[in-house]
**Q** 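Have a look at this one.
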Amino acid sequence: MGTGASVELIAMTKSYGRTVAVDRIDLKIPAGAYCCLLGPSGCGKTSTLRMIAGHESISDGDLLIGTSQVNDVPPAERGTAMMFQSYALFPHLDCVDNVAFSLKMRGLPKAERRERARAMLARVQMTPYADRLPAQLSGGQQQRVALARALITEPGVLLLDEPLSALDPFLRVKMRAELKKLQTDLGITFIHVTHGQDEAMALADIVVVMNNGRIEQAGSPREVFNRPRTAFVARFIGGHNLLPPSLLPADGAGGFAVRTDRVAVWKAESGIADGNVAALADQTIEATVQSLEYQGETVHLSLDVPGTESFVVRVDESRFYSAPIAVGDRVLAGWRRQDVHPLTA
């Protein structure tokens with residue numbers, strides 16, 4: 001395998017008539033990084049991926065792969081490969097010939113291309129199924145074949161368009177672990193589009209959160225989760241509460257957020273703080289419990305807090321059941337000021 005290539009987007013824009021799908025975005029992805037473009041439907045992430053691939057023209061701005069500006073370079077000459085959401089395998093070809101197809105288009109002899117295809121299938125643990133047709137494979141097996149087909153051209157950058165969305169939850173978790181290991185082993189750059197926060201957090205070195213055609217925030221998963229820059233990022237990433245205006249200081253024009261697991265909750269009439277965070281809480285608010293969700297390791301309590309659309313507290317299971325709270329209870333929720341961070345917008 002070749003080494004990964006860096007990718008740089010410079011004020012890159014995509015317009016469809018008067019509609020701006022991608023609005024002057026700037027992004028640097030180092031060679032060999034795993035980057036996830038994350039956001040809701042219509043945020044511009046797939047248009048961005050398709051411009052990098054060369055399947056969409058760039059309306060304005062520049063795209064660099066390595067040190068080369070590739071705005072007008074055909075897809076096959078960019079050193080990229082794309083794995084589509086639908087896998088797009090040829091139904092009449094077995095796995096070997098599916099994987100070898102691009103080498104056939106390049107004119108390689110049949111024996112050589114099939115040998116290379118079998119070696120790539122071995123790399124994705126598909127050797128026992130090499131002679132099967134796509135219809136004889138499970139969804140996860142089809143995905144491995146599509147991945148092998150994309151990798152056989154030895155790209156510097158692999159582009160993945162929601163590659164796990166068609167899989168069931170258990171297989172999705174298994175396959176994302178395999179994707180991460182493969183990317184690490186190969187050392188090439190992966191750019192992966194997803195709307196799944198858990199998927200991006202598990203896979204990425206760089207998470208790029210997009211909204212309305214713009215990049216709201218880019219950084220490591222831990223940075224984005226712990227320090228969401230805007231209210232949109234805090235809501236979309238999840239695990240945060242936006243504090244009500246009544247609790248904001250005068251200079252809090254952008255708002256503030258606190259992680260759901262950094263909030264303690266206890267019955268208002270008990271006056272007893274439930275453990276570490278609550279004992280140190282220097283900011284509290286009274287609320288009513290609207291709903292409870294048991295999530296195994298944790299229990300999620302949704303509170304009716306005036307001035308907020310949603311306020312959730314995530315409580316350790318054992319701690320919750322040591323002092324249970326019911327729907328309709330009046331409670332106090334508290335947190336430490338040092339766990340609150342400001343938002344820019």
Side-chain angles (χ1 to χ4, degrees), residues 1-7 31-34 49-56 63 65-66 68 70 72-164 166-167 171 174-193:
M1 268 295 161
T3 55
S6 61
V7 178
Y34 200 125
L49 193 78
R50 290 179 62 81
M51 283 191 286
I52 297 171
H55 299 150
E56 292 278 3
L63 170 64
I65 297 179
S68 302
V70 297
D72 301 313
V73 174
E77 298 174 20
R78 294 188 177 202
T80 63
M82 190 156 181
M83 181 175 165
F84 296 96
Q85 185 176 357
S86 64
Y87 307 149
L89 300 175
F90 298 112
H92 61 290
L93 298 181
D94 65 18
C95 294
V96 174
D97 284 334
N98 260 291
V99 174
F101 186 78
S102 60
L103 302 182
K104 181 180 181 181
M105 294 298 98
R106 294 183 178 187
L108 268 69
K110 183 175 182 179
E112 180 183 347
R113 66 178 185 255
R114 286 181 64 85
E115 180 182 357
R116 285 178 55 180
R118 287 187 180 277
M120 187 55 68
L121 285 167
R123 197 153 205 169
V124 295
Q125 295 87 48
M126 282 296 291
T127 296
Y129 310 96
D131 299 320
R132 292 191 184 183
L133 297 173
Q136 298 170 312
L137 304 175
S138 69
Q141 290 165 347
Q142 289 182 33
Q143 187 195 54
R144 289 190 181 95
V145 176
L147 189 58
R149 185 179 61 181
L151 291 170
I152 200 165
T153 58
E154 299 187 345
V157 182
L158 181 64
L159 309 169
L160 304 102
D161 184 12
E162 303 216 30
L164 307 180
L167 305 178
L171 187 55
K174 184 174 186 295
M175 288 304 300
R176 75 187 186 199
E178 292 186 14
L179 271 180
K180 183 64 176 178
K181 182 179 186 304
L182 189 63
Q183 188 269 338
T184 302
D185 291 347
L186 296 175
I188 66 177
T189 308
F190 276 32
I191 305 177
H192 174 139
V193 160

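What you see is a predicted model, and the numbers here were worked out from it, not measured in a lab. Quick note: residue numbers are just sequence positions, from 1. Note that these values count all heavy atoms, side chains included, but never hydrogens, waters or copies made by symmetry.
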**Q** What is the minimum heavy-atom distance between Leu167 and Met175, and which atoms define it?
**A** CD1-CG, 3.6 Å
**Q** Write out all pairs satisfying salt bridge (Lys or Arg N to Asp or Glu O under 4.0 Å) with one or both partners inside residues 80-91, taking only residues at least two apart or from two chains.
**A** none
**Q** Looking only at heavy atoms, what is the nearest atom pair of Gly32 and Gln183, with distance?
**A** O-NE2, 2.8 Å
**Q** Which heavy-atom pair separates Leu158 from Ala150 by the least distance, and what is that distance?
**A** CD1-CB, 3.6 Å
**Q** For Ala5 versus Gly66, what's the shortest heavy-atom pair and its separation?
**A** CB-N, 4.3 Å
**Q** Are any non-hydrogen side-chain atoms of Arg118 and Val99 less than 4.5 angstrom apart?
**A** no
**Q** Any chance you could measure Leu182, atom CG, to Leu151, atom CG, to the nearest 0.5 Å?
**A** 5.5 Å
**Q** Do any pairs count as a ring pair (Phe, Tyr, Trp, His ring centres under 6.0 Å) and have a residue in residues 92-129, sequence neighbours left out, and if so which ones?
**A** Phe90-Phe101
**Q** Compare all side-chain heavy atoms of His192 with those of Leu49 and state whether any distance is below 4.5 angstrom.
**A** no
**Q** I'd like to check Arg149 versus Met120 (side-chain heavy atoms, cut-off strictly below 4.5 Å). Are they in contact?
**A** no
**Q** Between OH of Tyr87 and CG of Asp161, what distance do you get to the nearest 0.5 Å?
**A** 11.0 Å
**Q** Less than 4.5 Å apart, side chain to side chain, heavy atoms only: is that true for Leu179 and Leu160?
**A** yes
**Q** Nearest heavy-atom pair of Leu93 and Asn98: which atoms, and what distance?
**A** O-ND2, 2.9 Å
**Q** Does any non-hydrogen side-chain atom of Val157 lie less than 4.5 Å from one of Ile188?
**A** no
**Q** Test of understanding: with side-chain hydrogen bond (donor to acceptor under 3.5 Å, both in side chains), list the residues that count as partners of Arg114, not counting sequence neighbours.
**A** Asp97
**Q** Less than 4.5 Å apart, any side-chain heavy atom of Phe84 and any of His55?
**A** yes
**Q** For the pair Arg176 and Leu164, evaluate side-chain contact (heavy atoms from CB on, under 4.5 Å) and give the outcome as yes or no after the intermediate values.
**A** CA-CA 8 Å; Arg176 75 187 186 199; Leu164 307 180; 3.6 Å; yes
**Q** Go through the steps for Cys95 and Leu121 under the test side-chain contact (heavy atoms from CB on, under 4.5 Å), then give the verdict.
**A** CA-CA 8 Å; Cys95 294; Leu121 285 167; 4.1 Å; yes
**Q** Can you name the side-chain hydrogen bond (donor to acceptor under 3.5 Å, both in side chains) partners of Lys180, sequence neighbours left out?
**A** Asp205
**Q** List the atom of Ile152, the atom of Ser102, and the distance in Å for their closest heavy-atom pair.
**A** CG2-OG, 3.6 Å
**Q** Look at the side chain of Glu112 and the backbone N and O of Pro109, then say whether any donor-acceptor pair between them is shorter than 3.5 Å.
**A** no
**Q** side-chain hydrogen bond (donor to acceptor under 3.5 Å, both in side chains) with Arg116: which residues, sequence neighbours excluded?
**A** none
**Q** Excluding sequence neighbours, so at least two apart, what forms side-chain hydrogen bond (donor to acceptor under 3.5 Å, both in side chains) with Asp94?
**A** none
**Q** How long is the gap from CE on Met105 to OG1 on Thr153, to the nearest 0.5 Å?
**A** 14.0 Å
**Q** Could you go through residues 140-147 and list every donor-acceptor pair under 3.5 Å that involves a side-chain atom there, pairing it with any protein atom two or more places apart or in another chain?
**A**
from, atom 1, to, atom 2, distance (Å)
Gln141, OE1, Ser138, N, 2.9
Gln141, OE1, Ser138, OG, 3.4
Gln142, NE2, Pro134, O, 3.3
Gln142, NE2, Leu137, O, 3.3
Gln143, NE2, Pro163, O, 2.7
Arg144, NE, Glu178, OE1, 3.1
Arg144, NH2, Glu178, OE1, 3.1
Arg144, NH2, Glu178, OE2, 2.8

**Q** Mind checking what makes ring-ring contact (aromatic ring centres under 6.0 Å, His included) contact with Phe190, not counting sequence neighbours?
**A** Tyr34
**Q** Taking everything shown except Glu115 itself, do over 12 heavy atoms lie less than 6.0 Å from its CD?
**A** no
**Q** Under the rule for salt bridge (Lys or Arg N to Asp or Glu O under 4.0 Å), what residues qualify as partners of Asp72, not counting sequence neighbours?
**A** none
**Q** Please step through side-chain contact (heavy atoms from CB on, under 4.5 Å) for the pair Val7 and Leu63, ending with a clear verdict.
**A** CA-CA 7 Å; Val7 178; Leu63 170 64; 4.0 Å; yes
**Q** State which residues pass side chain to side chain contact (heavy atoms under 4.5 Å, CB included) with Ala119; sequence neighbours excluded, sorted by chain then number.
**A** none
**Q** Excluding sequence neighbours, so at least two apart, what forms side chain to side chain contact (heavy atoms under 4.5 Å, CB included) with Ala100?
**A** Arg113, Ala117
**Q** According to the salt bridge (Lys or Arg N to Asp or Glu O under 4.0 Å) rule, which pairs have a member within residues 77-87, sequence neighbours left out?
**A** none
